[in-house]
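Notes follow the structure.
So you know, we letter chains A, B, ... as the sequences are listed, proteins then strands, and number each from 1.
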Protein chains: 2
Amino acid sequence: MKEVAAEVGVSPATVSNAYNRPDQLSEGLRRRVMEAAGRLGYTGPDPTARGLRRGRVGAIGVLYADRLSYAFADPAAVLFFEGVSRAAEEAGLGLLLVPGSISGRHDPEAVRGAAVDGFVVYCMAEGDQMMGAVRDRRLPAVLVDDPPKDPAGDMPNVSVDDGGGARAAAEHLVGLGHRRIAVVTFELAPRPVGGLAGPDRQAQTAFRSTRLRLDGYREAVESVGVPWRDVPVYECPENLPEEGERAARILLGMRPRPTAILAISDQLAFGVLEAARGMGLSVPGDLSVVGYDDVPEAARANPPLTTVNQPHVEKGLLAGRLLVARLGGGEAEGPGPLPTRLVVRGSTARPARGHGA
Amino acid sequence: MKEVAAEVGVSPATVSNAYNRPDQLSEGLRRRVMEAAGRLGYTGPDPTARGLRRGRVGAIGVLYADRLSYAFADPAAVLFFEGVSRAAEEAGLGLLLVPGSISGRHDPEAVRGAAVDGFVVYCMAEGDQMMGAVRDRRLPAVLVDDPPKDPAGDMPNVSVDDGGGARAAAEHLVGLGHRRIAVVTFELAPRPVGGLAGPDRQAQTAFRSTRLRLDGYREAVESVGVPWRDVPVYECPENLPEEGERAARILLGMRPRPTAILAISDQLAFGVLEAARGMGLSVPGDLSVVGYDDVPEAARANPPLTTVNQPHVEKGLLAGRLLVARLGGGEAEGPGPLPTRLVVRGSTARPARGHGA
DNA sequence: TAGCTTTTCTGAATCGATTAAGTAAAACGA
DNA sequence: TCGTTTTACTTAATCGATTCAGAAAAGCTA
């Protein structure tokens, strides 16, 4: 910029104005500045320097608890990102993806070094050290799905009615007459091992939305007199269809065999469907399956998956807009929990006779 | 930082060293600095200021031609991002998503303002003005899939064997005996209208990989004596299953009806499958369908989709690593075209009698 | 034409760090 | 004990812009 100023014979301040407030200088000079800039290959103010001086870098960070590559493998997370990116776009901001873990190690370093104006914190376990790092940055932040227990900070949050959605899913099954129900869930807490999760393990559930869903399932089955301890819960170490398949093969190998499976995500449900196919079980004839998320693929699955819709994109959009509002100095508060909705498709039906009660 | 320095009674340089080169000062002082920092709520050097001084901000930008929300809606793009994010993670860098279009307007502004150390340019049309903006930034950049015609810059690229993959797909169909083949493609050039694309429109194809695929199809069908003009090509304005469905309904309404459809992406192929279902056509009995990309859902589709596998994640990983190498000052060159591979599943078969020739 | 406002541009401080070069003190070798 | 190396810090320049408080020039009014 100094060079451009020298070339035109004006002060750097003027060049800066040429870019940032064209009304502050005469039309002719502005043209000359731009022309000289073009000649010297200057494309405008350096984003970093501008960021430093202005105190805003023009980007919002999305903090994801795990490795970024996991996030991209999860269609629900991707839908959420889509929403956030839309909000960022509206505000003309960039979107920096900030991993909570780097090469497998959980490390708040990325949070400290992220050049952003604020954070959208997604999918963070309660009490995660990452939250401390976010707070320390003293930047506006919006929490999604998992508001931490300590409400010390003034961070607003956006969440969905996870409990209600899960309850609706389970009520649908018990309403159809299912009594032998099994649950396939993803990580209950960071660094999971996988396998059947007894009461102890379930009590460790660190993700709020996960706990809410499990509680929702529980309420529904207990409401028809099925004790929760009779409902096997299989914890998958990763939210992948292959893991869901493995879990389902184990659950479906139990006797008496479950007549229905509640999967805590569509990804896992797809695996359950695959397992049923592989074991020669027809869905929904021999087995009913309910997913969670209602990702686009759910409608195209074979059979079309009954699942719980949650407004992922809207969730991201609202979280993003909320952050943008906070960036602007507002004290905007998060909306109440977003609605979830059971979508009945072709993967659920009454249990075959003799299996129900 | 100045405050911390004052608190401890040392110079700011020492505080900086405490964070960046702990070996430069005594253990005791370092502890005192850290302790004072904690007391004053200082979390370490400001990323922006550090970026300015060091000339590196610790982030790489992924430039996507369209709106970010479109990118997230495309599973292939998401897989690519996954690869790039993995490379970024390896190098301890952040990932900034840079939209080529903001609220629908194609605008290189985001490129100018992106605080990054380099770009991975994905899916850019040839001759896009965006490329000029990237070049002007004079940052290392890696081109993916669509190297622009002018090889003026020294930007390396990573691409896949799109022509070969497409040819294999079409050869598979003609090998099965199909002669009435139709093509469903996504945008041929920016700002598409959609509809049947005649030779004129096809000649405008601005995305290199798209043209390579179309050419691959063409070679294969012409090799068995079918003139390319007899192959209807339907251009969808967006890469969405719904668009593929609409396209297929139109193509399948033509008489004589095509016995096979080549879809240029799996997303579109899913729509084709849906259209066939809706029209009471069995796949592969009445209609064969081949996709492109081999996204995870392809294997789970009903029927499992025959498609062309391309290593999306690896492509992103290589592009990311290449950029990282360039960032380090290396002159690393891109690998040759990555292989594509036809994956035959359940959506293709010999045409029903009487429809072939 | 004097006095006043407006327009157009400049000077200089500032944002928050990094880093090469330099200095004072401590440790070391002979 | 003197010269030399090492250790532990500091000084001051720099990264590339923004922005506020003026100053000079121009335009306007009466």
[X] side chain to [Y] backbone, donor-acceptor under 3.5 Å:
X: Arg137(A); Y: Ala114(A); value: yes
X: Glu89(B); Y: Leu68(A); value: yes
X: Arg56(A); Y: Gly51(A); value: no
X: Arg208(A); Y: Ala125(A); value: no
X: Asp145(A); Y: Cys123(A); value: no

Using a 4.0 Å heavy-atom cut-off across all strands, classify Val15(A) as base, sugar-phosphate, or nothing. nothing

At 4.0 Å (heavy atoms only), tell me whether Arg21(B) reaches a base, stays on the sugar-phosphate, or touches nothing. sugar-phosphate

Could you check Phe80(A) against Tyr64(A) for ring pair (Phe, Tyr, Trp, His ring centres under 6.0 Å), going step by step and ending with a plain yes or no? CA-CA 11 Å; Phe80(A) 173 76; Tyr64(A) 183 77; 9.3 Å; no

Check ion pair [X]-[Y] (N to O, under 4.0 angstrom):
X: Arg86(B); Y: Glu82(B); value: yes
X: Glu27(B); Y: Arg31(B); value: yes
X: Arg112(A); Y: Asp136(A); value: no

Centroid separation Phe81(B) to Phe81(A) less than 6.0 Å: no

Of Asn17(A) and Ser11(B), the one whose closest nucleotide on DNA chain D sits nearer the 5' end is Ser11(B)

5' priority, DNA chain D, between Ala13(B) and Arg54(B) [closest heavy atom]: Ala13(B)

Distance in angstrom units between Gln24(A) CD and dA23(D) P, rounded: 18 Å

Asp23(B) atom CG is separated from dT7(D) atom P, nearest whole Å, by 10 Å

Nucleic acid contacts of residues 27-53 of chain B, taken as heavy-atom distances under 4.0 Å to DNA chain D: Leu29(B), Leu52(B), Arg53(B)

Using a cut-off of less than 4.0 Å, is there contact between a side-chain N or O of Asn20(A) and OP1 or OP2 of dT18(D)? yes

Distance below 4.0 Å between Thr14(B) side-chain N/O and dC9(D) OP1 or OP2: no

Requiring both pairing distances under 3.5 angstrom, list the stems that contain DNA chain C and are made of three or more consecutive Watson-Crick or G-U pairs. C:1-30 with D:1-30

Tell me if the CD atom of Glu3(B) is crowded by more than 12 foreign heavy atoms within 6.0 Å. no

Could you list where the contact with chain B starts and ends along DNA chain C, reading 5' to 3', using a 4.0 Å heavy-atom cut-off? dG16(C) to dT19(C)

